[in-house]
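Just so you know, residue 1 is the first one in the sequence shown, and it goes up from there. Bear in mind that the values here come from a model prediction, so they are computed numbers and not experimental data.
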Amino acid sequence: MDIPFKAEVHSELQTEEIVKKFFKIVQKGDTIALNGNLGTGKTYFIKTFCKLLNINDADSPTFSILNEYEGACSVYHFDFYRIKKVEELYDLGIDEYISDPNSIKLIEWAELMPEVLPRKYFEVCLSFLDVKGRMIEIIYHD
């Protein structure tokens, strides 16, 4: 997979194929920011990604803000949707999580708190094309 990447998908199977290709370039220590409106597939993208790490219980941490998973490596799954002030994330210890070189960080609604993102990270943007169709764009910020 070449980054930047952009593709239309019209099924979950097509999304899974993109996730599998993306998975091959992600390494421990990476942060992945997922952005898109409600229902565009951020959580589905993450669940599919986590299954490739032998994590089968990934679910959106909308109310808890953070879910931690253990599989082939540690995964920290954040959801910034309900965060009102960046201080909430600093109180949670976001700096330590983000700087962990042995984990992968997945952040839904990352665009709401961009100031906590590391200098280098992947951004996955999901948007609606129609009822079933989505556009998936992947960018690397360096």
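Between the K105 side chain and the H77 main chain, no donor and acceptor come within less than 3.5 Å of each other.
Residues K132 and H10 have side chains not in contact (no heavy-atom distance under 4.5 Å, counting atoms from C-beta outward). The shortest side-chain heavy-atom distance between F128 and N37 falls under the 4.5 Å cut-off. Side chains of I3 and I25 form a contact here, defined as non-hydrogen atoms less than 4.5 Å apart. Between R134 and T15 the shortest side-chain heavy-atom distance does not fall below 4.5 Å. Inter-residue side-chain proximity for N35 and V124 is flagged as unmet; no heavy-atom pair is nearer than 4.5 Å. In this structure, the side chains of L53 and C73 come closer than 4.5 Å at one or more pairs of heavy atoms. Taking 4.5 Å as the limit, every side-chain heavy atom of F80 sits out of range of all side-chain heavy atoms of E108. Side-chain contact between L92 and L66 is present, with at least one heavy-atom pair separated by less than 4.5 Å.
Of all non-hydrogen atoms in C50 and V75, the two that sit nearest each other are SG-CG1, 4.3 Å. When all heavy atoms are compared, the tightest approach of S127 to T40 is CA-CG2, 4.0 Å. Among all heavy-atom pairs drawn from D142 and K120, the shortest one is OD1-CE, 2.9 Å. The heavy-atom pair separating I18 from A7 by the smallest distance is CD1-CB, 4.0 Å. Among all heavy-atom pairs drawn from L129 and E8, the shortest one is CD1-CG, 3.4 Å.
Heavy atoms from other residues, nucleotides or ligands lying under 6.0 Å from CG of D2 number 12 at most. The number of heavy atoms from other shown groups lying within 6.0 Å of OH (Y44) is above 12.
Grouping the Ile, Leu, Val, Met, Phe, Trp and Tyr side chains by contacts below 4.5 angstrom, directly or via other members, places V26 with F5. Taking hydrophobic clusters as Ile, Leu, Val, Met, Phe, Trp and Tyr residues chained together by side-chain heavy-atom distances below 4.5 Å, I98 shares a cluster with I65. Note on I32 and L52: same hydrophobic cluster, where clusters join Ile, Leu, Val, Met, Phe, Trp and Tyr whose side-chain heavy atoms are under 4.5 Å apart, directly or indirectly. The hydrophobic cluster containing I139 does not contain I46, counting ILVMFWY residues as joined when their side-chain heavy atoms lie under 4.5 angstrom apart, directly or transitively. The hydrophobic clustering, which links ILVMFWY residues whose side-chain heavy atoms are closer than 4.5 Å, places V86 and I107 together.
Just one residue in the list D100, N67, T31 forms a side-chain hydrogen bond (donor to acceptor under 3.5 Å, both in side chains) with Y76, and that residue is D100.
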Dump the intermediate steps for side-chain contact (heavy atoms from CB on, under 4.5 Å) on K42 and W109, then the final yes or no. CA-CA 9 Å; K42 295 180 296 294; W109 297 96; 3.6 Å; yes
Derivation of the side-chain contact (heavy atoms from CB on, under 4.5 Å) call for I83 and F78: CA-CA 11 Å; I83 300 294; F78 293 89; over 6 Å; no
Report the C-alpha distance between I138 and M1 in whole Å, list the side-chain angles of each, state the deciding distance to 0.1 Å, and finish with yes or no for side-chain contact (heavy atoms from CB on, under 4.5 Å). CA-CA 10 Å; I138 303 174; M1 170 180 277; 4.0 Å; yes
Output, in order, the C-alpha distance, side-chain angles, deciding distance and verdict of side-chain contact (heavy atoms from CB on, under 4.5 Å) for H141 and L117. CA-CA 10 Å; H141 296 272; L117 296 175; over 6 Å; no
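Within the structure, the salt bridge (Lys or Arg N to Asp or Glu O under 4.0 Å) test picks out the following pairs touching residues 16-31 (sequence neighbours left out): E17-K20. Residue pairs that meet the salt bridge (Lys or Arg N to Asp or Glu O under 4.0 Å) test with at least one member in residues 75-92, sequence neighbours left out, do not exist here.
Side-chain contact, E68 with Y97: a donor N or O sits under 3.5 Å from an acceptor N or O.
Taken to the nearest 0.5 Å, the NZ atom of K47 stands 14.5 Å off from the CZ atom of F45.
Taking the six-membered ring where tryptophan is involved, the planes of F23 and F49 are perpendicular, since the angle between them exceeds 60° and thus also 30°.
F122 has its ring centre less than 6.0 Å from the ring centre of F22.
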